[in-house]
Amino acid sequence: MDLRSNENNRAHRTREMDRERLIVRRGQPFSISLQMSDTLPPKHQLAVVLHLGARDEVVVKVQAGRGAGDRWWFSQQAVQSEMLLTLHSPADALIGQYRLAVLMMSPDGRILQKTGLHMFYLLFNPWCRDDAVYLPDESLLQEYIMNEDGIIYRGSWDEIVSLPWNFGQFEDHVVDICFEILDNSRAALRNSEMDTKSRSDPVYVSRTVSAMVNSNDDRGVLSGRWVEPYSDGVAPYRWTGSVPILRRWSESGARAVKYGQCWVFAGVACTVLRCLGIPTRCITNFSSAHDVDGNLSLDVLINEKLENMTGSGDSSWNYHCWVESWMRRDDLAAGYDGWQALDPTPQERSDGVYRCGPCPIKAIKEGELGVKYDAPFIFAEVNADIIHWIVQSDGRKVDQNSVGRNISTKSVYGNFREDVTLQYKYPEGSQKERAIFEKAGRRVTHPTNGEAEPEKLQLSIRHAQPVFGTDFDVIVEVKNDGEQDATAQLTVLCLAVTYNSLHRGECQRRTTSITVPAHKAHREVLRLRYEQYAACVSEHHVIRVLALAESARHNEPVLESTNIELSVPELHIRISGKAFLHEEVTGVVSFTNPLPVQLRGGVFTVEGAELSLSHLEVAVRFSIKPSRTGLRRLLIDFDSDKLKDVKGVATVLVHKRSRLSTMGIFGPLPFADTPTFC
């Protein structure tokens with residue numbers, strides 16, 4: 001038997017995965033050939049049998065001759081000493097690793113001869129009109145199935161940072177690992193037959209992936225950790241792609257890889273889902289809410305010193321990443337097909353397991369919180385209000401800020417950001433938005449037509465875009481729009497926090513009494529020095545500034561807050577000369593230390609290969625050997641004792657050298673010596 005892997009894989013758009021093994025997509029025919037020692041005897045027939053599952057939980061007897069679209073069938077054609085069999089799978093066939101055998105049957109139904117079992121993979125097919133993951137736009141398919149390079153957005157809503165990510169869904173043996181992940185799910189280990197028979201449904205498969213990317217209650221891929229130390233694993237910020245994580249998990253016997261945070265969970269989930277054939281993209285929600293008690297508001301309790309107090313457990317994240325997958329929702333009423341939100345980061349349990357989704361984006365936008373799965377939690381992530389309460393005798397509310405800003409994904413048309421906020425919610429402050437809030441069960445405060453509120457002081461916080469390692473100013477402005485001078489006490493607190501609002505330490509505090517003349521403004525300038533914030537700043541490089549103004553003339557204190565992202569320098573990468581398949585090419589990576597102190601223990605990670613360094617300002621020469629042609633991206637990460645998460649990216653065009661280009665008139669052209677590390 002010849003599975004004709006090279007030809008079939010090219011037709012099924014899986015040739016990048018493997019050229020030796022057969023990997024095909026459902027709902028699309030593929031051909032195999034049989035070498036025959038003789039012609040088929042009269043009235044004898046060929047039969048095809050498929051086995052699926054570790055213990056042959058599913059056996060499919062493929063129908064001979066044209067069949068209905070909901071069943072496997074095959075046709076045959078004799079060509080000299082070969083028999084060409086063309087197999088047709090239904091568009092809702094079970095995905096998985098099949099084993100195929102061809103039998104020669106006697107007229108009375110006895111098996112006379114049987115080939116050995118030959119393995120092949122069957123994937124979802126978003127190019128097939130009848131498949132539940134069908135996506136009728138080739139440009140979207142090229143991005144959300146075929147593109148192995150991506151961007152995940154981080155930072156803050158007003159300072160968005162691009163993180164290049166290597167999804168690598170077509171790299172060697174990634175498809176094997178993806179099915180290994182499904183086989184290690186709780187459902188598969190508990191009842192493998194039921195699990196195997198459910199794998200025709202992308203809703204079921206994607207929900208399994210959402211659970212299995214984290215390891216909180218199963219044999220999942222990643223263990224999450226949001227505070228240092230990470231010494232017994234890999235710090236989340238050091239990963240630049242999914243493949244090293246997946247390989248480490250598989251090679252360790254399905255033991256969780258340490259460690260991940262939300263963008264790492266999302267990146268790995270995107271790799272697995274794209275590999276299985278489900279169109280998927282990474283999403284970043286800036287100013288994201290984690291609403292524990294389900295009241296659609298994040299209640300933050302602080303005292304008059306701006307110190308955080310124990311509250312409901314709600315938290316606000318600078319950003320949070322999840323994925324969206326494209327599929328038809330046959331399990332729901334009409335109107336919910338399309339993009340579905342899936343969140344593999346372990347936050348809350350869904351049906352007893354740490355997973356989230358798939359939930360239709362349309363249900364989130366329309367406030368349909370009864371729609372499966374986990375609509376209330378995702379709705380709160382993009383719609384809840386952050387409400388700060390100052391704990392005084394009367395427990396006053398001091399401010400209210402919305403969440404769900406600049407929801408972002410990589411554009412199909414290039415390496416730039418596409419804003420998808422309006423796919424999740426109506427414009428802030430619109431009548432439609434208020435109507436959706438009421439529909440979702442949240443009370444909305446409408447403006448009154450009576451007397452205006454008493455005049456209040458106005459607070460604002462301004463700052464430059466500082467570089468980590470430099471000193472910078474924070475300017476707090478107190479504006480008085482009233483007719484009389486105002487006396488107030490102003491407290492400004494600068495805190496180091498993680499991107500998900502865990503406090504790491506106090507950088508600077510100032511309390512002062514001020515008088516603001518009528519129709520004037522007072523500016524308070526704080527200089528934050530590197531030595532003040534270096535000791536407590538997290539690897540996310542976030543400083544939170546809180547400003548509180550209290551005046552005896554006003555009923556309520558005034559609070560303002562902002563998060564400052566400290567930027568880090570980029571690595572500069574230069575590739576020397578053309579890159580050719582399976583030939584070494586040299587490159588140089590360099591950067592300048594922005595800190596006023598020496599860096600120690602520096603490590604560059606180049607696609608998983610580490611070079612240990614001890615220089616302060618460095619230019620490192622390295623070599624790579626491309627294993628595939630085409631446009632490829634090289635990702636490099638630098639970490640040291642005091643400066644972490646420094647990234648760089650270079651695009652490399654890998655050529656296939658023709659025989660003529662390597663031959664001179666008298667034979668092969670000489671090549672340069674192999675480059676070395678220095």
Side-chain angles (χ1 to χ4, degrees), residues 156-159 287 297-309 316 385-403 405 428-429 444-466 471-495 497 506-529 532-533 542-565:
S156 59
W157 71 270
D158 56 349
E159 187 65 21
S287 298
S297 70
L298 271 64
D299 300 302
V300 181
L301 276 62
I302 58 174
N303 60 23
E304 291 156 298
K305 296 181 180 180
L306 298 181
E307 296 170 334
N308 211 47
M309 304 181 69
S316 168
D385 283 333
I386 304 172
I387 303 175
H388 286 86
W389 298 84
I390 187 165
V391 181
Q392 296 175 325
S393 57
D394 54 357
R396 285 179 278 186
K397 181 175 74 174
V398 293
D399 84 325
Q400 182 169 313
N401 297 312
S402 293
V403 301
R405 309 175 78 170
E428 293 281 354
V444 178
T445 303
H446 296 278
T448 62
N449 295 323
E451 296 182 2
E453 290 186 16
E455 292 173 341
K456 296 200 312 182
L457 297 176
Q458 305 294 321
L459 271 178
S460 62
I461 302 173
R462 293 185 289 114
H463 58 87
Q465 297 300 333
D471 303 339
F472 62 95
D473 291 335
V474 175
I475 303 170
V476 179
E477 183 177 271
V478 186
K479 189 177 181 182
N480 180 11
D481 290 330
E483 301 295 332
Q484 299 179 8
D485 295 355
T487 300
Q489 178 174 282
L490 177 65
T491 301
V492 182
L493 175 62
C494 300
L495 292 166
V497 297
E506 189 173 304
C507 304
Q508 190 178 146
R509 173 190 293 271
R510 180 183 296 178
T511 301
T512 183
S513 296
I514 60 173
T515 299
V516 188
H519 303 293
K520 300 288 184 180
H522 170 86
R523 291 180 178 85
E524 194 76 16
V525 180
L526 278 79
R527 166 142 290 214
L528 275 177
R529 302 189 182 278
Q532 291 176 311
Y533 63 77
V542 181
I543 302 293
R544 177 168 295 168
V545 180
L546 296 167
L548 177 68
E550 297 178 282
S551 172
R553 287 186 55 244
H554 300 100
N555 292 329
E556 291 185 356
V558 185
L559 181 75
E560 184 63 33
S561 66
T562 191
N563 290 327
I564 302 174
E565 291 274 340

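As the structure is a prediction and not an experimental result, all values here were calculated from the model. Just so it is clear, the values below take in all heavy atoms, side chains as well, and ignore hydrogens, waters and symmetry mates.
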Practice task
Would you check if the side chain of Glu159 reaches a backbone N or O of Ser156 as a donor-acceptor pair within less than 3.5 Å?
Solution key: no

Fill in the blank from the handout: Nearest heavy-atom approach of Pro517 to Asp485 is CA-OD1, 3.3 Å

Practice task
Give, for atom CD of Glu550 and atom OG of Ser513, the distance between the pair rounded to the nearest 0.5 Å.
Solution key: 10.5 Å

Exercise for the section: Give the minimum heavy-atom separation between Arg405 and Ser287, together with the two atoms involved. Expected result: CD-OG, 3.7 Å

Handout entry: Heavy-atom side-chain proximity of Lys479 to Lys520 below 4.5 angstrom
Key = no

Practice task
Could you tell me whether the side chain of Val478 reaches within less than 4.5 Å of the side chain of Val558, counting heavy atoms only?
Solution key: no

Completion exercise
Rounded to the nearest 0.5 angstrom, the CD1-NE2 distance for Ile475 and His463 is 10.5 Å

Problem - Heavy-atom donor-acceptor pair, Ser551 side chain to Thr487 backbone, under 3.5 Å - result: yes

Practice task
Can you measure from CD (Glu506) to CG (Leu306) and round to the nearest 0.5 angstrom?
Solution key: 9.0 Å

Exercise for the section: Please say which of Leu548, Leu457, Leu459, Val516 ends up in a side-chain contact (heavy atoms from CB on, under 4.5 Å) with Leu490. Expected result: Leu459

Practice task
Specify the closest pair of heavy atoms between Ile564 and Pro466, including all atoms of both residues, with the distance to one decimal.
Solution key: CG2-CG, 3.7 Å

Problem - Atom pair SG (Cys507) and CG (Leu528), whose distance is rounded to the nearest 0.5 Å - result: 6.5 Å

Fill in the blank from the handout: Looking only at heavy atoms, the pair that brings Val525 and Arg510 closest together is O-NH1, 3.0 Å

Exercise for the section: For the pair Glu524 and Glu477, evaluate side-chain contact (heavy atoms from CB on, under 4.5 Å) and give the outcome as yes or no after the intermediate values. Expected result: CA-CA 6 Å; Glu524 194 76 16; Glu477 183 177 271; over 6 Å; no

Handout entry: Contact check, side chains of Arg509 and Thr491, non-hydrogen atoms, under 4.5 Å
Key = yes

Exercise for the section: Let me see the working for Arg462 and Arg523 under side-chain contact (heavy atoms from CB on, under 4.5 Å), right down to the final yes or no. Expected result: CA-CA 10 Å; Arg462 293 185 289 114; Arg523 291 180 178 85; 3.5 Å; yes

Completion exercise
Scanning both residues in full, the closest heavy-atom pair of Glu560 with Ile461 reads O-CD1, 3.8 Å

Handout entry: Closest non-hydrogen atom pair, Leu546 against Ser561
Key = CD2-CB, 3.3 Å

Practice task
Quickly, which of Asp158, Val542, Ile543 forms a side-chain contact (heavy atoms from CB on, under 4.5 Å) with Glu565? Name it, please.
Solution key: Val542

Problem - CG on Asp471 to CD on Gln532, rounded to 0.5 Å - result: 8.0 Å

